[in-house]
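Residue numbers begin at 1 in each chain, while the letters A, B, ... track the order of the sequences. Side chains are part of it too, since the values below use all heavy atoms of this structure and drop only hydrogens, waters and symmetry mates.
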2 protein chains.
Amino acid sequence: MATYDPRRYEPIAVTVDVVALTIRVLESVPTLHVLLVRRGQPPFAGRWALPGGFVRPTVGPDGTRHDEDLAAAAVRELAEETGLAASTDQRAADRRLDRVYLEQLATYGAPGRDPRMRVISVAYLAFAPDLPDPTAGGDAAAAAWMPVRTTGTGDGAPAIREVGGLGGTPTVDRGRMAFDHARILDDALERASSKLEYTPLATTFVAPEFTVTELREVYEAVWGRPLHAPNFHRKVLSVPGFVEDTGETTARGGARGGRRARLYRSGDARFLHPALLRLGQEDTR
Amino acid sequence: MATYDPRRYEPIAVTVDVVALTIRVLESVPTLHVLLVRRGQPPFAGRWALPGGFVRPTVGPDGTRHDEDLAAAAVRELAEETGLAASTDQRAADRRLDRVYLEQLATYGAPGRDPRMRVISVAYLAFAPDLPDPTAGGDAAAAAWMPVRTTGTGDGAPAIREVGGLGGTPTVDRGRMAFDHARILDDALERASSKLEYTPLATTFVAPEFTVTELREVYEAVWGRPLHAPNFHRKVLSVPGFVEDTGETTARGGARGGRRARLYRSGDARFLHPALLRLGQEDTR
DNA sequence: TTAATAGTGTCTCTCAGACAGTATAAA
DNA sequence: TTTATACTGTCTGAGAGACACTATTAA
């Protein structure tokens with residue numbers, strides 16, 4: 001690594017973008033949604049984009065420089081552009097991000113991906129329980145949870161349907177997203193699917209106490225295909241440390257009848273052994 | 001995403017670091033090695049570090065700016081600091097990097113990770129067939145393939161032994177590596193182990209034509225534990241598209257006797273179904 | 001009482017791993 | 001001929017998936 005010489009190396013801007021995913025019920029179907037903002041400024045004004053922005057070195061009250069961690073920048077951007085408060089904000093308990101799981105996805109640095117200048121973007125992936133509708137902030141003209149994927153029929157047809165194809169619901173055309181954000185979103189969806197296989201992170205999409213059915217709906221929404229309910233049930237309970245029985249049940253059964261479901265909370269496992277593999281799709285080659 | 005205003009945002013330097021892994025025979029044991037350079041300049045002068053350097057926007061012969069892709073920067077740093085020529089260099093066929101597999105690992109941007117300034121480093125992971133010893137270039141005082149992990153005994157003891165504990169071989173102390181490179185190396189080893197499970201990338205560590213035993217030695221070196229040879233053999237041949245029979249065999253058997261081994265080449269699968277899971281270690285929780 | 005929802009029993013098939021044994025080649 | 005190395009046969013147990021079934025509750 002050579003010594004840094006500003007005469008040789010032009011500055012490169014660094015941004016952070018966040019792919020925040022949640023499950024929301026759409027037309028009675030639990031559906032995977034992604035948080036998007038409509039850009040108010042060029043480039044790509046009017047287009048939908050992932051929430052994000054420049055990473056900034058900041059100066060504290062005492063004058064010392066206090067550089068921002070990349071993950072912290074991701075949380076800040078989520079908060080700024082959507083009105084969802086970060087965990088440090090005590091006044092907005094209802095809009096909190098403190099139960100959001102965040103992990104780094106990848107870094108995108110192809111020349112020309114931002115028409116203004118060389119920009120390298122570190123993308124983060126976030127899993128959130130159902131949060132309120134966001135309110136646009138910062139430079140965003142709008143912000144919304146947008147559906148991204150249907151559960152599919154399980155008949156072998158591609159389970160992913162482009163957003164934009166769902167009923168009368170306002171959706172976004174993946175082909176018209178700003179920058180290379182459609183690519184980032186695709187990578188995020190693949191990472192999310194994969195994470196559900198070998199980690200218990202599906203629980204980050206649901207309330208602290210949840211039923212096995214709710215957990216299955218998370219898998220179905222993210223994987224985009226229906227699962228065999230009885231086998232899923234047995235599987236979840238058999239994986240050590242995945243879920244923990246609370247001893248409680250739901251207050252009542254389904255709307256049109258049905259047994260009350262047992263309530264579970266997240267167990268202490270950080271990885272699932274054996275994993276919940278999504279087979280039957282195969283041929284990803 | 002806000003408009004970029006240099007008065008608000010100080011420049012952040014972007015570097016690329018490469019964790020290049022290969023298998024070399026050490027004391028008769030195929031052993032995982034990582035390519036390291038000894039730093040010639042402060043900070044961390046004299047310490048071992050991953051090869052890497054600043055990403056630079058460059059200006060072409062015609063005056064047009066020609067920004068460098070992040071992956072391209074990784075290959076360039078590998079070449080510059082180690083004397084291993086990139087694939088475009090036709091004159092150094094013996095030292096080529098054109099069979100090297102490269103993928104992005106993660107980005108490290110904690111404040112203070114470089115004492116000079118705010119530096120965000122995009123780390124890449126490379127798998128290489130046995131390459132020649134590198135020659136130090138750029139600002140490196142030395143460059144070498146260093147052993148990182150032993151095959152272990154399979155008796156349940158931790159299979160990872162700190163580099164530095166191997167015989168009379170020159171090795172490096174992971175605790176004394178420059179920057180946060182020990183952490184990056186750990187992340188790389190975990191990613192590499194995981195990649196061998198569900199992709200055929202083990203073949204990138206061996207020659208274009210290889211035996212099943214050679215392939216097993218890759219798995220053993222990366223996973224740090226011995227595998228059951230007969231079952232491994234059957235498993236590899238049963239996974240569709242993993243390897244392809246050449247019809248040839250090795251020219252002769254083992255040094256002290258033994259059957260000639262059949263030669264295979266890499267198949268067309270990009271993922272392994274079913275995967276070669278490393279079980280028996282469990283409890284990564 | 002019916003229908004919906006939650007949950008269990010059990011069978012089959014695949015696959016990982018263990019172990020025993022065969023095939024072939026070098027010294 | 002001995003020993004090393006490559007490879008095959010076969011058994012066992014775990015787990016995924018299919019299907020049939022029981023349990024419980026709302027309307």
Side-chain angles (χ1 to χ4, degrees), chain A residues 28-30 154-156 196-198 209-217 219-220 223 225-240 242-243 245-264 272-282, chain B residues 28-30 154-156 196-198 209-217 219-220 223 225-240 242-243 245-264 272-282:
Chain A
S28 305
V29 179
D155 61 1
L196 292 205
E197 288 189 312
Y198 58 91
E209 299 202 341
F210 52 86
T211 67
V212 174
T213 295
E214 286 164 351
L215 201 58
R216 176 167 47 78
E217 288 168 347
Y219 277 89
E220 291 176 333
W223 287 356
R225 65 194 183 90
L227 297 178
H228 190 269
N231 288 342
F232 180 86
H233 193 104
R234 188 182 6 247
K235 172 70 185 181
V236 164
L237 298 188
S238 74
V239 174
F242 191 0
V243 299
D245 196 336
T246 63
E248 306 290 308
T249 67
T250 51
R252 48 160 293 157
R256 286 164 300 180
R259 188 168 167 174
R260 287 186 235 195
R262 210 181 280 258
L263 284 168
Y264 297 87
L272 303 182
H273 296 296
L276 274 104
L277 300 175
R278 47 181 164 148
L279 304 175
Q281 38 119 56
E282 304 293 325
Chain B
S28 304
V29 179
D155 60 1
L196 292 205
E197 289 189 312
Y198 59 92
E209 300 202 340
F210 53 85
T211 67
V212 173
T213 296
E214 286 164 350
L215 201 59
R216 176 167 49 79
E217 287 168 346
Y219 277 89
E220 290 176 334
W223 287 355
R225 67 195 182 88
L227 296 178
H228 190 270
N231 288 342
F232 180 86
H233 194 104
R234 187 182 5 248
K235 173 70 184 182
V236 164
L237 299 189
S238 74
V239 174
F242 191 178
V243 299
D245 197 336
T246 64
E248 306 289 309
T249 66
T250 52
R252 47 160 296 157
R256 286 165 299 181
R259 189 168 168 175
R260 286 186 236 195
R262 210 181 279 259
L263 284 168
Y264 297 86
L272 304 181
H273 296 296
L276 272 105
L277 300 174
R278 47 183 163 146
L279 304 174
Q281 38 121 56
E282 304 293 327

With side chain to side chain donor-acceptor pair (under 3.5 Å) as the rule and sequence neighbours excluded, what pairs involving residues 245-264 of chain A come up?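 Only Asp245(A)-Arg262(A) qualify under side chain to side chain donor-acceptor pair (under 3.5 Å).
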DNA chain D: 5'-proximal contact among Val212(B) and Leu276(A) (nearest heavy atom):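 Closest to the 5' end, via its nearest nucleotide, is Val212(B).
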Could you give the [atom1]-to-[atom2] distance, from [X] to [N], as a whole number of Å?
{"X": "Phe232(A)", "N": "dT5(C)", "atom1": "CZ", "atom2": "C1'", "value": "16 Å"}
{"X": "Glu197(B)", "N": "dC15(C)", "atom1": "CD", "atom2": "P", "value": "17 Å"}
{"X": "Arg234(A)", "N": "dT22(D)", "atom1": "CZ", "atom2": "P", "value": "16 Å"}
{"X": "Tyr264(B)", "N": "dA6(D)", "atom1": "OH", "atom2": "P", "value": "12 Å"}
{"X": "Lys235(B)", "N": "dA18(C)", "atom1": "NZ", "atom2": "P", "value": "15 Å"}
{"X": "Leu277(A)", "N": "dA14(D)", "atom1": "CG", "atom2": "P", "value": "18 Å"}
{"X": "Arg278(B)", "N": "dG17(C)", "atom1": "CZ", "atom2": "P", "value": "13 Å"}
{"X": "Glu214(B)", "N": "dC7(D)", "atom1": "CD", "atom2": "C1'", "value": "16 Å"}

Does [X] reach a base, just sugar-phosphate, or nothing at all? Heavy atoms under 4.0 Å.
{"X": "Ala229(B)", "value": "nothing"}
{"X": "Thr213(A)", "value": "sugar-phosphate"}
{"X": "His228(A)", "value": "base"}

Which residues within residues 245-253 of chain B lie with some heavy atom under 4.0 Å of an atom in DNA chain D?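 Contacting residues: none.
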Quick one: bend of the helix from dT1(C)-dA27(D) to dA27(C)-dT1(D) from 5 pairs per end, to 10°?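 It comes to 0° between the two terminal axes.
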Quick check for you: among dC7(D), dA18(C), dC15(C), whose closest atom lies nearest to any side-chain atom of Asn231(B)?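 Output: dA18(C).
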Of the listed nucleotides (dC15(C), dA16(D), dG7(C)), which one gets closest to any side-chain atom of Arg262(A)?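 So the side chain of Arg262(A) is nearest to dG7(C).
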List for me each residue that meets ring-ring contact (aromatic ring centres under 6.0 Å, His included) alongside Phe232(A), sequence neighbours excluded, and say none if there are none.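 So Phe232(A) forms a ring-ring contact (aromatic ring centres under 6.0 Å, His included) with Tyr219(A).
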[X] versus [Y], closest heavy-atom pair with distance:
{"X": "Leu276(A)", "Y": "Trp223(A)", "value": "O-CH2, 3.1 Å"}
{"X": "Pro274(A)", "Y": "Val239(A)", "value": "O-CG2, 3.6 Å"}
{"X": "His233(B)", "Y": "Val212(B)", "value": "ND1-CG1, 3.6 Å"}
{"X": "Leu263(B)", "Y": "Glu209(B)", "value": "CD1-OE1, 3.9 Å"}

If only side-chain N and O atoms of Arg260(B) are considered, is one of them under 4.0 Å from the OP1 or OP2 phosphate oxygen of dA25(C)?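 So the side-chain polar atoms of Arg260(B) do come within 4.0 Å of the phosphate oxygens OP1 or OP2 of dA25(C), strictly under.
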Short N/O separations, protein against nucleotides 2-4 of chain C, under 3.5 angstrom:
{"residue": "dA4(C)", "atom": "O4'", "partner": "Arg256(A)", "partner atom": "O", "Å": "3.2"}
{"residue": "dA4(C)", "atom": "N3", "partner": "Gly258(A)", "partner atom": "N", "Å": "3.2"}

Glu220(B) side chain to Leu227(B) main-chain N or O, any donor-acceptor pair under 3.5 Å?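 A pair under 3.5 Å: yes.
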Does Ala229(B) have any side-chain contact (heavy atoms from CB on, under 4.5 Å) partners at least two apart in sequence or in another chain, and if so, which?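 Applying side-chain contact (heavy atoms from CB on, under 4.5 Å) to Ala229(B) gives Arg216(B).
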